[in-house]
Amino acid sequence: METMLATHYNIQASEKVVLAGRDGYKQDEYVYFTISSDNREIIHMEQAALAYYLLENNYRHTAIPVANTNGDWFTVFQNNTYMVVMVEHLNNITRESNGRSLAAFHTIGTLYSFEPHQISCYGIWKKLWIDKLEAYEKNVPLAAKESPNDYFRMVMDTLPYIIGVSENAIQYLQESERENRFDTVDQGTISFQRYTNNLQKSVIWLDDFVFDHPVRDLAEYTRGMLLSDAPSEDIVQFLHDYQSERPLSIFSWRLLYARLLYPVHFFDHFDSVMSGRTLEDPFTAYSSLITMQEEYEKKMRDLYQWVGLDSTSLQIPVLHWL
């Protein structure tokens, strides 16, 4: 990568740094990173536009793309296509409330003038969830047949459960889409593939961006806490802090519940295993997910009660089998 940066960008790196598992190359006050862009050029250009918008709105630790010496955003090097991004100001981790900082970010994101097309998931969760479930139903048995080991036998044993929970979530989402108690908080905004407190990390990575309903980030951060040993007080505090800036509508609460019900953490695990990205032992990792799932469902059952939402009087359905 240093050769590519020197040849195509006139960047002479003085040192190599590693942030969030990504190799960076420092020149003066800037740190440069490479992003693989094979067949993702249009997606990365939409994400780049969001990155520049956020930089203009004082998210100074956002990685933004830089053009090569020919003025192009993408460079072919050793038969691969790359985008180079740079960061000038690395974020110093703050003690700012996660909920309030996310609410402020979403407010700025809703003011972005143009809704992206390639990275927008707004309003199409049902289709995406069905597609993901169908792919899982198809690919898991094939992988299990090719690798008849203990891991895949365990995955196959739990497959009917994953399918059942997914179908319940899709049905809940479909019913929630008929909900007419919505508000301005339900506008699409800049969000993340999987929000894990991205805003308070050293760098905001542009290839994490999507455009979606803000509940996506609320749900994914809450999911992480539900799957961990985080006390209920922390979950309530996070949602309370967010609501102090951006009160959720009934529609938002129902989307939050639907998204938490959909077992995306199982799909993410399987995707990591199949792509070879995971460094964990698959059997141990999947066993842990299965073990945590029972407690996860108990917490899901009590979520509305924790946050003081009277689901009965507000006519918000709750799945009683949880």
Do Phe182 and Ile316 belong to the same hydrophobic cluster, where Ile, Leu, Val, Met, Phe, Trp and Tyr are linked whenever their side-chain heavy atoms lie under 4.5 Å apart, directly or via other members?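 Yes, one cluster joins them.
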Got a donor-acceptor contact below 3.5 angstrom from the Thr81 side chain to the Ser37 backbone?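 Checked: no pair found.
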Side-chain heavy atoms of Val273 within contact of Tyr151, under 4.5 Å: yes
Would you list the pairs meeting salt bridge (Lys or Arg N to Asp or Glu O under 4.0 Å) in which at least one residue belongs to residues 141-151, sequence neighbours left out? Asp150-Arg153
Please examine the side chains of Ile11 and Tyr30, heavy atoms only from C-beta on, and report whether any two atoms are closer than 4.5 Å.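 Counting from C-beta outward, Tyr30 and Ile11 never come under 4.5 Å.
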Is there a side-chain contact between Tyr136 and Leu159 in this structure, where contact means two heavy atoms from C-beta onward sitting under 4.5 Å apart? yes
As a quick check of understanding, evaluate ring pair (Phe, Tyr, Trp, His ring centres under 6.0 Å) for His8 and Tyr32, giving each step before the final call. CA-CA 13 Å; His8 297 283; Tyr32 297 87; over 10 Å; no
For residues Phe209 and Val85: do they belong to one hydrophobic cluster (side chain heavy atoms under 4.5 Å, members Ile, Leu, Val, Met, Phe, Trp, Tyr)?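 Hydrophobic grouping puts Phe209 with Val85.
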Closest heavy-atom pair and its distance - Pro263, Val165: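 Minimum heavy-atom contact is CD-CG1, 3.9 Å.
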For the backbone of Asn70 and the side chain of Asn68, can you confirm whether one donor and one acceptor N or O come within less than 3.5 Å of each other?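 Yes; at least one donor-acceptor contact below 3.5 Å.
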For Thr69, check side-chain hydrogen bond (donor to acceptor under 3.5 Å, both in side chains) against everything at least two apart and list the hits. none
Please tell me whether Ser166 and Lys132 have a donor and an acceptor in their side chains that are separated by less than 3.5 angstrom. no
Is Val18 reachable from Val31 through a run of I, L, V, M, F, W or Y residues, each pair having side-chain heavy atoms under 4.5 Å apart?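 In one cluster with Val31: Val18, no.
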Using only atom types and a distance under 3.5 Å, with no angle test, would you say the side chain of Asp208 pairs donor to acceptor with the backbone of Gln193?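 No; zero donor-acceptor contacts below 3.5 Å.
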Which pairs pass salt bridge (Lys or Arg N to Asp or Glu O under 4.0 Å) with one or both residues in residues 11-21, sequence neighbours excluded? Lys16-Asp23
Within-4.5 Å side-chain heavy-atom neighbours: Ile64 and Met86: yes
Would you confirm whether Lys298, through its side chain, and Met300, through its main-chain N or O, come within 3.5 Å as a donor-acceptor pair?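 Answer holds: no.
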Side chains of Thr158 and Tyr286 only: does a donor on one sit below 3.5 Å from an acceptor on the other?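 Present: a donor and an acceptor within the cut-off.
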Residues that Gln174 engages under side-chain hydrogen bond (donor to acceptor under 3.5 Å, both in side chains), provided they are two or more places apart: Lys126
What donor-acceptor contacts under 3.5 angstrom involve side-chain atoms of residues 102-112, with partners at least two apart or in another chain?
| from | atom 1 | to | atom 2 | distance (Å) |
| --- | --- | --- | --- | --- |
| His106 | ND1 | Tyr242 | OH | 2.8 |
| His106 | NE2 | Asp217 | OD2 | 2.8 |
| Thr107 | OG1 | Ala103 | O | 3.0 |
| Thr107 | OG1 | Arg246 | NH1 | 3.3 |
| Thr110 | OG1 | Thr107 | O | 2.7 |

Test side-chain hydrogen bond (donor to acceptor under 3.5 Å, both in side chains) applied to Thr62 - qualifying residues, sequence neighbours left out: none
Going by the salt bridge (Lys or Arg N to Asp or Glu O under 4.0 Å) test, which pairs reach into residues 184-199, not counting sequence neighbours? Arg194-Asp268
Check whether any side-chain heavy atom of Ser36 sits under 4.5 Å from a side-chain heavy atom of Asn80, and report yes or no. no
Mind jotting down which residue pairs meet the salt bridge (Lys or Arg N to Asp or Glu O under 4.0 Å) criterion with at least one end in residues 222-245? Sequence neighbours excluded, please.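 For residues 222-245, and leaving out neighbouring residues, the salt bridge (Lys or Arg N to Asp or Glu O under 4.0 Å) pairs sorted by first residue read Arg100-Asp241, Arg100-Glu245, Glu220-Arg223.
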So, Thr7 side chain and Met4 main chain: donor-acceptor pair closer than 3.5 Å or not?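 Not confirmed, Thr7 side chain does not pair with Met4 backbone.
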Could you tell me which residues satisfy ring pair (Phe, Tyr, Trp, His ring centres under 6.0 Å) with His213, sequence neighbours excluded, listed by chain and number?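 Ring pair (Phe, Tyr, Trp, His ring centres under 6.0 Å) check on His213 returns Phe251.
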Please report the shortest heavy-atom distance between Leu133 and Tyr262, naming the atom on each side.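 Looks like N-OH, 3.7 Å.
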side-chain hydrogen bond (donor to acceptor under 3.5 Å, both in side chains) partners of Asp310, counting only residues at least two apart: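 Counting only residues at least two positions away or on another chain, Asp310 forms a side-chain hydrogen bond (donor to acceptor under 3.5 Å, both in side chains) with Ser313.
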Ignoring hydrogens and angles, tell me if any N or O in the side chain of Ser147 forms a donor-acceptor pair with the backbone of Asn149 under 3.5 Å. no
Sorted by chain and number, sequence neighbours left out, salt bridge (Lys or Arg N to Asp or Glu O under 4.0 Å) with Arg22 holds for Asp207
Would you call Gln47 and Pro116 a side-chain contact if the rule is heavy atoms closer than 4.5 Å? no
Kindly assign one of parallel, tilted or perpendicular to the pair Tyr195 and Tyr221, based on the angle between their ring planes and the thresholds 30° and 60°. tilted
Is there a path of hydrophobic side-chain contacts, each under 4.5 Å between heavy atoms of I, L, V, M, F, W or Y residues, that connects Val84 with Ile42? no
Tyr172 meets the ring pair (Phe, Tyr, Trp, His ring centres under 6.0 Å) criterion, sequence neighbours left out, with Tyr257
Trace of the side chain to side chain contact (heavy atoms under 4.5 Å, CB included) decision for Gln118 with Met45: CA-CA 10 Å; Gln118 295 295 319; Met45 285 313 299; over 6 Å; no
For residues Arg216 and Trp125, determine if any side-chain heavy atom of one lies less than 4.5 Å from a side-chain heavy atom of the other. yes
Report the C-alpha distance between Gln293 and Phe266 in whole Å, list the side-chain angles of each, state the deciding distance to 0.1 Å, and finish with yes or no for side chain to side chain contact (heavy atoms under 4.5 Å, CB included). CA-CA 10 Å; Gln293 185 67 12; Phe266 283 95; 3.3 Å; yes
Can the ring centroids of His265 and Tyr296 be said to lie less than 6.0 angstrom from one another?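 For His265 and Tyr296, the ring centres are under 6.0 Å apart.
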With heavy-atom distances below 4.5 Å as the criterion, would you say the side chains of Met1 and Tyr82 are in contact? yes
Following the transitive rule for hydrophobic clusters with a side-chain heavy-atom cut-off under 4.5 Å over Ile, Leu, Val, Met, Phe, Trp and Tyr, establish whether Tyr53 and Val210 coincide in one cluster. no
